[in-house]
Amino acid sequence: MIDLSRLTYYIETFGCQMNENDSERIAGVLEAAGARRAPSAEASGLAVINTCAVRGKSEEKLYSLLGRLRAMKARRGTLIAVAGCVAQLHREDLGAKRPFIDVIVGPDNYHRLPELVAAAGGGAPQVSTGRTRGWREADRGPAVHPSPVSAYVTIMEGCDNFCAYCVVPFTRGREKFRPLPAVMAEVEALARAGAREIQLLGQNVNAYRDPESGTGFAVLLDRVAAVAGPGWIRFITSHPRSFGPEIPAAMARSRSVCRQLHLPLQSGSTPVLERMKRGYAREDYLAKIRILREAMPEIQLSTDIIVGFPGETEDEFRETLSALAEIRFANIFSFRYSPRPGTAAARAEDDVPFEVKRRRLSEVQAFQNTIQAELHRTLVGRTIRVLGTGHSRRDAAVYSGRSEGRQVVNFSASGDPVGRFVRVRITGSGPYSLRGEAVALEDGPAPSVDSCP
Ligand code: SAM
Ligand code: SF4
């Protein structure tokens with residue numbers, strides 16, 4: 001048996017914020033069993049890969065990392081655990097094809113990691129990929145929040161939407177909602193610890209219903225926003241179909257809810273949206289944007305775009321470009337369509353050639369860059385509120401942070417602005433970021449990691 005109190009672990013995380021938050025829980029469960037964090041996979045006794053299955057490319061990253069870990073295992077005896085969506089999706093053949101993996105654990109089973117790791121290393125992988133229906137707060141265990149400044153709070157998991165291209169309902173399972181008292185207890189504990197920003201997470205947060213009382217997302221947002229302390233509240237991801245007018249109204253009611261929203265559009269063409277089974281037309285989406293902008297004229301919007309969905313014609317693709325021109329998002333995440341096992345779209349022919357997908361993706365990105373560069377230029381000369389997050393990647397003398405609209409801001413400062421709200425005068429801009437100088441630090445020193453609940 002492996003003794004966890006003598007084990008060090010390292011987690012490599014792929015994918016979305018949900019996965020980042022899951023990795024915090026994996027760390028919490030392992031630490032509660034006595035394991036300690038190592039600074040790198042090389043220095044660890046257990047390497048956990050928390051995987052993403054959303055696109056083929058994210059899966060490929062796992063297989064190339066596994067190749068490197070296998071060599072490390074031969075040299076140092078490192079245990080290898082594969083967690084998350086790929087573990088769930090390929091639970092049957094992952095261990096058969098790669099018997100050097102020690103543990104395979106799906107998203108509903110992280111509480112079992114200590115017993116799986118303790119029993120690992122004896123030949124066949126330890127596998128736990130069972131599904132639970134409904135939320136089990138007791139199974140969640142403590143999370144290790146790496147940053148006391150900005151913290152994730154999961155409010156729901158899974159998805160019932162079954163968009164034609166998406167593997168998430170097969171990897172994360174059906175929607176499960178966290179009880180409102182548990183959400184509030186975590187938010188309040190983070191507020192007491194000094195969190196400046198709280199990000200509510202779920203695949204489809206607007207679908208939220210408290211399992212006990214049926215309370216919906218807008219009321220949850222009111223309750224979270226009423227907790228004194230955190231200056232900024234955000235939430236991700238929203239689905240346009242279930243994004244009713246009560247949500248912009250709740251956002252507008254509280255000044256601590258950021259004037260920022262990620263609302264995935266996917267395509268600007270109604271026939272493509274129909275084939276994607278998204279449940280809204282282009283006009284419906286535009287109407288929701290109008291409501292948001294009427295309620296909060298300064299709101300910054302971001303979105304997800306897929307190019308090259310099966311059957312996407314050139315004219316349909318141009319409709320996506322025209323939607324970008326009309327809406328003028330502050331930021332977009334754009335992807336080439338990638339067929340995923342088990343999804344409805346994977347049964348259709350992937351008939352848009354790779355070269356066409358590639359060209360459409362470059363066109364979308366180049367077009368969006370011009371929009372972002374224009375939007376950023378309008379901010380030059382203004383003073384905006386920024387949450388300092390660290391140092392700029394290129395220059396350690398320059399600080400980095402995010403605006404309320406989630407734009408990246410690199411700035412100079414005389415005091416230490418990391419973990420604090422700062423007023424920054426914007427002096428320059430490019431398509432991806434803003435530059436500026438701090439004119440005032442707003443609040444006291446940043447909370448320390450020790451204060452995290
Ligand atoms: N729940 C969110 C929503 O409704 O949009 C996001 C889910 S997914 C993790 C994040 C993004 O990945 C999606 O919005 C979509 O743009 C992209 N995506 C999902 N499946 C894809 C696929 N098969 N090919 C390319 N992009 C995909
Ligand atoms: Fe995937 Fe659609 Fe669910 Fe988002 S809403 S997770 S894209 S199935």
*Rounded to the nearest 0.5 Å, how far apart are OG of S128 and NE2 of H111?*
6.5 Å

*Any side-chain heavy-atom pair from L221 and L200 closer than 4.5 angstrom?*
yes

*Apply the test side chain to side chain contact (heavy atoms under 4.5 Å, CB included) to residues Y10 and R37: give CA-CA distance (whole Å), side-chain angles for both, the deciding distance (0.1 Å), then the verdict.*
CA-CA 6 Å; Y10 180 78; R37 188 186 291 268; 5.8 Å; no

*Could you tell me whether the side chain of D284 and the main chain of A281 form a donor-acceptor pair under 3.5 Å?*
yes

*asked:* Please tell me whether S23 and N50 have a donor and an acceptor in their side chains that are separated by less than 3.5 angstrom.
replied: yes

*asked:* Assess whether a salt bridge exists between R25 and D139, defined as any Lys/Arg side-chain N lying under 4.0 Å from an Asp/Glu carboxylate O.
replied: no

_I'd like to know whether S334 forms a side-chain hydrogen bond (donor to acceptor under 3.5 Å, both in side chains) with Q365, so could you lay out the CA-CA distance, the side-chain angles of the two residues, the decisive distance to 0.1 Å, and finally the verdict._
CA-CA 7 Å; S334 49; Q365 292 175 342; 2.9 Å; yes

*Evaluate the side chain to side chain contact (heavy atoms under 4.5 Å, CB included) criterion for residues V364 and F367: first the C-alpha distance (whole Å), next the side-chain angles of each, then the deciding distance (0.1 Å), finally the verdict.*
CA-CA 5 Å; V364 157; F367 186 53; 6.0 Å; no

_Using the ring centroid of each side chain, check whether H262 and F333 are separated by less than 6.0 Å._
yes

*Between D315 and T313, is a side-chain hydrogen bond (donor to acceptor under 3.5 Å, both in side chains) present by the stated rule, with each step listed?*
CA-CA 5 Å; D315 283 350; T313 63; 5.5 Å; no

_Please give me the minimum heavy-atom distance between G388 and V422, naming the atom from each residue._
N-CG2, 4.4 Å

*Evaluate the side-chain hydrogen bond (donor to acceptor under 3.5 Å, both in side chains) criterion for residues R282 and T270: first the C-alpha distance (whole Å), next the side-chain angles of each, then the deciding distance (0.1 Å), finally the verdict.*
CA-CA 5 Å; R282 174 191 173 106; T270 297; over 6 Å; no

_Are more than 12 heavy atoms, taken from residues, nucleotides or ligands other than Y432, located less than 6.0 Å from that residue's OH atom?_
no

*Taking atom CZ of R406 as the centre, does the number of heavy atoms from other residues, nucleotides or ligands within less than 6.0 Å exceed 12?*
yes

*For R278 and C163, which heavy atoms make the closest approach, and how far apart are they?*
NH1-SG, 3.4 Å

*Could you give the distance from CG (L65) to CD (E12), rounded to the nearest 0.5 Å?*
5.5 Å

*asked:* Quick check: closest heavy atoms across N331 and Q372, and the distance to 0.1 Å?
replied: CA-OE1, 3.4 Å

_Distance-only polar pair, side chains of N204 and R241, donor-acceptor under 3.5 Å_ = no

*Count the heavy atoms of every other residue, nucleotide or ligand shown that sit under 6.0 Å from NZ of K277, and state whether that count exceeds 12.*
no

*asked:* With a 4.0 Å cut-off on N to O distance, would you call R172 and D108 a salt bridge?
replied: no

_Gap between atom CG of D395 and atom OG of S412 - 0.5 Å precision_ = 10.5 Å

*Check step by step if side chain to side chain contact (heavy atoms under 4.5 Å, CB included) holds for V386 and R402.*
CA-CA 5 Å; V386 171; R402 292 224 174 234; 5.8 Å; no

_As a quick check of understanding, evaluate salt bridge (Lys or Arg N to Asp or Glu O under 4.0 Å) for D160 and K176, giving each step before the final call._
CA-CA 10 Å; D160 285 359; K176 300 193 250 277; over 6 Å; no

_Heavy-atom check, side chain of Y399 versus side chain of H391, under 4.5 Å_ = yes

*Do T343 and Y165 have side chains that get closer than 4.5 Å, going by heavy atoms?*
no

*asked:* Could you check whether Q17 and Y152, counting side-chain N and O atoms only, form a donor-acceptor pair closer than 3.5 Å?
replied: no

*asked:* Can a side-chain donor-acceptor contact be found between N21 and E24 if the only test is distance below 3.5 angstrom?
replied: yes

*asked:* Using side-chain heavy atoms (C-beta onward) and a distance below 4.5 Å, is Y337 in contact with V307?
replied: no

*Within a radius of less than 6.0 Å around CZ of R131, do more than 12 heavy atoms belonging to other residues, nucleotides or ligands occur?*
yes

*Measure the spacing between OG of S429 and CG of L434 and express it to the nearest 0.5 Å.*
6.5 Å

*asked:* Parallel, tilted or perpendicular, judged at 30° and 60°: which one describes the rings of Y285 and Y280?
replied: tilted

*Above 12 or not: heavy atoms from other molecules or residues under 6.0 Å from CD of E212?*
no

_To the nearest 0.5 Å, what is the distance between CG on L201 and CZ on R234?_
12.0 Å

*Going by heavy atoms in the side chains, are I332 and D304 under 4.5 Å from each other?*
no

*Can you list the steps and then say if E59 with R340 is a salt bridge (Lys or Arg N to Asp or Glu O under 4.0 Å)?*
CA-CA 10 Å; E59 256 192 59; R340 302 309 294 135; 2.3 Å; yes

*Given side chain to side chain contact (heavy atoms under 4.5 Å, CB included), test L261 with I299 step by step and report yes or no.*
CA-CA 7 Å; L261 182 74; I299 193 165; 4.2 Å; yes

*Side-chain ion pair, E188 and R192, N-O less than 4.0 Å*: no

*asked:* On a heavy-atom basis, which atom in S256 and which in A225 lie closest, and how many Å separate them?
replied: OG-O, 3.6 Å

*Does R359 come within less than 4.0 Å of E355, counting only side-chain N to carboxylate O?*
no

*Find the distance between CZ (F235) and CG (N206) and round it off to the nearest 0.5 Å.*
7.0 Å

*Check each of L30, L4, T8, I11 against L46 using the side-chain contact (heavy atoms from CB on, under 4.5 Å) test, and report the only one that passes.*
L30

_Pairing of E312 and R360 as salt bridge, 4.0 angstrom limit_ = yes

*Looking at P181 and D210, what are the two nearest heavy atoms and their distance?*
CD-OD1, 4.4 Å

*May I ask you to decide if I80's main-chain N or O and D102's side chain share a donor-acceptor pair within less than 3.5 Å?*
yes

*Scan R174, R140, R178 and name whichever one has a salt bridge (charged side-chain N to carboxylate O under 4.0 Å, His left out) with E157.*
R140

*Are the charged groups of E60 and K57 less than 4.0 angstrom apart, N to O?*
no

*Begin from the C-alpha positions of Q300 and R259 and carry the test side-chain hydrogen bond (donor to acceptor under 3.5 Å, both in side chains) through to its verdict.*
CA-CA 6 Å; Q300 302 290 326; R259 286 3 188 180; over 6 Å; no

*Full working for salt bridge (Lys or Arg N to Asp or Glu O under 4.0 Å) between R76 and E42*: CA-CA 8 Å; R76 307 188 57 250; E42 286 76 11; over 6 Å; no

*asked:* Would you say that I101 contacts L94 through its side chain, given a criterion of any heavy-atom pair below 4.5 Å between the two side chains?
replied: yes

*Which atom names give the shortest non-hydrogen contact between A41 and L69, and what distance separates them?*
CB-CD2, 4.2 Å

*Report yes or no: is the cationic atom of R36 (NZ for Lys, CZ for Arg) closer than 6.0 Å to the six-membered ring centre of Y9, at no more than 45° off its axis?*
no

*Do W232 and R196 have side-chain heavy atoms sitting under 4.5 Å apart?*
no

